Number of protein chains: 2
Amino acid sequence: MARRRQAVTIKHVAADAGVSLQTVSRVINNEPNVRPEMKERVQASIDKLGYVPSIAAQRLSGSRSYLILAINDRDRTIADWQARQGTDWVDQMLLGGMLKCAEHGYRMIFELVDTHSDHVERELLGAIAALQPDGIILTPPHSDNPQIVSFLAEQKIPFVRIGSIQNGAGIPVSMDDEGSAYQATEHLLERGHRRIGFISGSSEYALSGWRVDGWRRAMTEAGLPCDGLLAEGDFSFASGVEAAGKLLSGPQRPSAIIASNDQMALATLEVARLMGLTVPRDLSLISFDNTPLVHFTQPPLTAVDQPIAATTSRAVELLIAAQKGQPAPKELTVERASIFVRESVAPLADAPGA
Amino acid sequence: MARRRQAVTIKHVAADAGVSLQTVSRVINNEPNVRPEMKERVQASIDKLGYVPSIAAQRLSGSRSYLILAINDRDRTIADWQARQGTDWVDQMLLGGMLKCAEHGYRMIFELVDTHSDHVERELLGAIAALQPDGIILTPPHSDNPQIVSFLAEQKIPFVRIGSIQNGAGIPVSMDDEGSAYQATEHLLERGHRRIGFISGSSEYALSGWRVDGWRRAMTEAGLPCDGLLAEGDFSFASGVEAAGKLLSGPQRPSAIIASNDQMALATLEVARLMGLTVPRDLSLISFDNTPLVHFTQPPLTAVDQPIAATTSRAVELLIAAQKGQPAPKELTVERASIFVRESVAPLADAPGA
DNA sequence: ATGAAAGCGCTAACAG
DNA sequence: CTGTTAGCGCTTTCAT
């Protein structure tokens, strides 16, 4: 293999501008103590020669790497990719993360890590030692994994925990799961629904619990019971079928259901259809995630939109701020979710007989 | 900012194993001239200390960076992400690319580059000089951009051009656009269709032309005329509406249409519906890309599946081989596309009156 | 088969 | 304000 070297290095620039390496370095890093005319002269040489600093060299000499590592769960991500169901979590992360990184001259590197592995730490260490990122973004279910969190804390690398509300090491950034479930429930209550079923997500994800909490709070505040209205799922279509079946075949079936993700909402739609129930006439339905498929179902689904791009963008900002030595915000950072209203919810008055 | 240093370096390992740095380096890189027992001893220290080489240091000292850069068109990619229509091109690239990279101890870095920019070269140089990747993957429409290709050739970095059939600098890897369009046309011909319309994609993409070529070849071989059966689109829904309108409102409307991507197929579906035509009874439809949405249309679309993951995986293999000094294959590398048969195609016998 | 020395491109620390 | 020196962690010579 040819030994590939940097074509233009700081040395060339220094020689061209007739200054020392250090001055060039100062200009690159926008440091003070450089006279404007000097700075201009150096910048001219940089432009002329097309010089770009090597992050390898920058990192090696103890400076920043300008790399932000975004870590996702390996199994789940690969499964989503292979299933080709249009889950666009990764795309939205890249959208929010890469653009914000680019604004600051950083780069986002996307990595997969296996949660279930007994050597998570080795995997993490591999990525960290090899890449030396300036910051790390953790996503569910990693964000609340104590093993991962404590390991990262030891490494002294700033990290954000997306989808977490726990304080502790790292900076938690929440997508307000409790609040959005509450909001979705309210949306139904306002339209006259009283028996509102809820299909929860995998208990491996802390956010699953918060969504249940939000629903329960809204129900309780409205003076309504929750008994028999909660069914457990695990985010899979199959679990959605089972959960929906349980809810819809009970003695007093709910007039509305909130599913903790789109796949389970899809399953609910299918179960309803098989039972001869028409959505939204006989059953109102709200889903979580708002992935592209909700446009194409019959009817299109009203859904809670997770602000993934905005959250990732925020995470990058927090990381870059931390890297500059600014303290993490004391308050939990929250990106509010919103409900996209489509056609799967009807007022209860429109129920059978109306 | 704290000056973060590598926790465990090659020095620590060398000291622990009681050997020279050099020997450790040889073990890491699997080089010859190390006695098995020596190798074992060093490996034991590596495992014990949890040592991982720093790519920054490796790269800086003239070795590999273990980084593969995958470059996509900025505008189009961002537009796809924002549109949230479930286009999973990026996901499939990551799926194929990241997994193959991981197999070989490489990492894939995903980058966006603006083709239309007058300083493409600066953008590319920025990424290359900063990251020093061992290989680059180009995707359409970059793959045949002479400016980009010649610039990369100068840099002496191995690169693959996905979706290209031209020889020249870099290694072309084709998804057989001509062949799959031919195949799709055949699929319809076999079912009795004679007037088969074709909606082309943006002429900015060379593959658009090849798809037209494939369709034309199949028609010609079957002794059928193509006149008035080709409509130009640009991959957008709007252009699909226009193209489908043109094809379907002519004097002799086609009994089948092939659209060069899913969005235009969706548009065709909509136009047909508005004209009172039922798919597939009155019009058969085949689309390209097979993005997730084709499952959800009414009816689900028969579609040509682009083997994006397989192609990216292959691209990574070729790059790693090139990096090892192996010559690029003399023949054009082709990953065959396949047709996913769903419900949007009917034999012509089933046409009106059947 | 192993080790020692030099240097990759850059920045931190210290001079002046 | 600017320059000099040392060294980051590793691989490449070149010895032995």
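Just so it is clear, the structure is predicted and the values come from calculations on it, not from any experiment.
Evaluated for a side-chain contact (heavy atoms from CB on, under 4.5 Å) with B/V19, the options B/V34, B/V27, B/V24 yield exactly one hit, B/V24.
Summary of the strand contacts: A/I28 and B/S20 both lie near DNA chain C, and taking for each the nucleotide with the nearest heavy atom, the more 5' one is attributed to B/S20.
A/L49 places its CG atom 14 Å from the P atom of C/dG9, with the value rounded to the nearest Å. Distance B/K11 NZ to C/dA4 P: 13 Å, rounded to the nearest Å. Put simply, CG on B/L60 is 14 Å from P on C/dG7, counting in whole angstrom units. Summarising the geometry, the separation between CZ on B/R59 and C1' on C/dG7 is reported as 14 Å, rounded to the nearest angstrom. Protein atom CZ of A/R26 is 12 Å distant from nucleotide atom P of D/dT4, rounded to whole Å. Rounded to whole Å, the distance from CG on A/N33 to C1' on D/dG3 is 13 Å. Atoms CD (B/Q132) and C1' (C/dC10) sit 13 Å apart, rounded to a whole Å. The NZ-C1' distance, from B/K39 to C/dT2, rounds to 15 Å in whole Å.
Residue B/S63 has its side chain nearest to D/dT11 when only D/dC10, C/dT2, D/dT11 are considered. Here the side chain of A/S54 is nearest to one of C/dC10, C/dA1, D/dT2, namely C/dC10. Closest to the A/Q22 side chain, of the nucleotides C/dG9, C/dA12, C/dG3, is C/dA12. Listed nucleotides: D/dT11, D/dG9, C/dG9. Nearest to the side chain of B/L21: D/dT11. Listed nucleotides: C/dG3, D/dG9, C/dC10. Nearest to the side chain of B/V19: C/dG3. Among the nucleotides C/dC10, D/dG9, D/dG3, the one closest to any side-chain atom of B/I10 is D/dG9. Ranking D/dG9, C/dG3, C/dT11 by closeness to the B/A57 side chain, first place goes to D/dG9. Looking at the side chain of B/V34, the nearest of the listed nucleotides C/dT2, D/dT12, C/dC8 is C/dT2.
OP1 or OP2 of D/dT11 sits under 4.0 Å from a side-chain N or O of B/S25. In this model, the phosphate group of D/dT11 is approached by a side-chain N or O of B/Q58 to a distance below 4.0 Å at OP1 or OP2. In terms of phosphate contacts, A/N29 brings a side-chain nitrogen or oxygen within less than 4.0 Å of OP1 or OP2 of C/dT11. Proximity of B/Y51 to the phosphate of D/dC10: a side-chain N or O atom is located under 4.0 Å from OP1 or OP2. A sub-4.0 Å separation between OP1 or OP2 of C/dT2 and a side-chain N or O of B/R35 is present. Remark: A/S61 is not in phosphate contact with D/dC8, judged by side-chain N or O atoms under 4.0 Å from OP1 or OP2. Between D/dG3 and A/T23, a contact under 4.0 Å exists linking OP1 or OP2 to a side-chain N or O.
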Margin query: Please evaluate residues B/H104 and B/Q323 with respect to the criterion side chain to side chain donor-acceptor pair (under 3.5 Å), reporting the C-alpha separation (whole Å), side-chain torsions for both, the decisive distance (0.1 Å), and the verdict.
Written below: CA-CA 12 Å; B/H104 296 270; B/Q323 148 82 25; over 6 Å; no

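At a cut-off of 3.5 Å, with distance as the only test, a side-chain donor of A/E204 or A/H116 sits close to an acceptor on the other residue. Checking A/K330 against A/N167 by side-chain atom types alone, no donor-acceptor pair falls below 3.5 Å.
Within the nucleic acid shown, B/P32 has no heavy atom closer than 4.0 Å to any nucleic acid atom. Looking at heavy-atom distances under 4.0 Å, A/Q6 makes contact with sugar-phosphate atoms alone, never a base. As judged by a 4.0 angstrom heavy-atom cut-off over every strand, A/V24 is placed among residues making no nucleic acid contact.
Under the 4.0 Å criterion applied to side-chain N and carboxylate O atoms, B/E40 and B/R35 are not assigned as salt-bridge partners. Ion pair A/E111/A/R74 not flagged as a salt bridge, since none of the NZ, NE, NH1 or NH2 atoms sits closer than 4.0 Å to an Asp/Glu carboxylate oxygen.
For the pair A/Y106 and A/D134, the minimum side-chain heavy-atom distance is below 4.5 Å.
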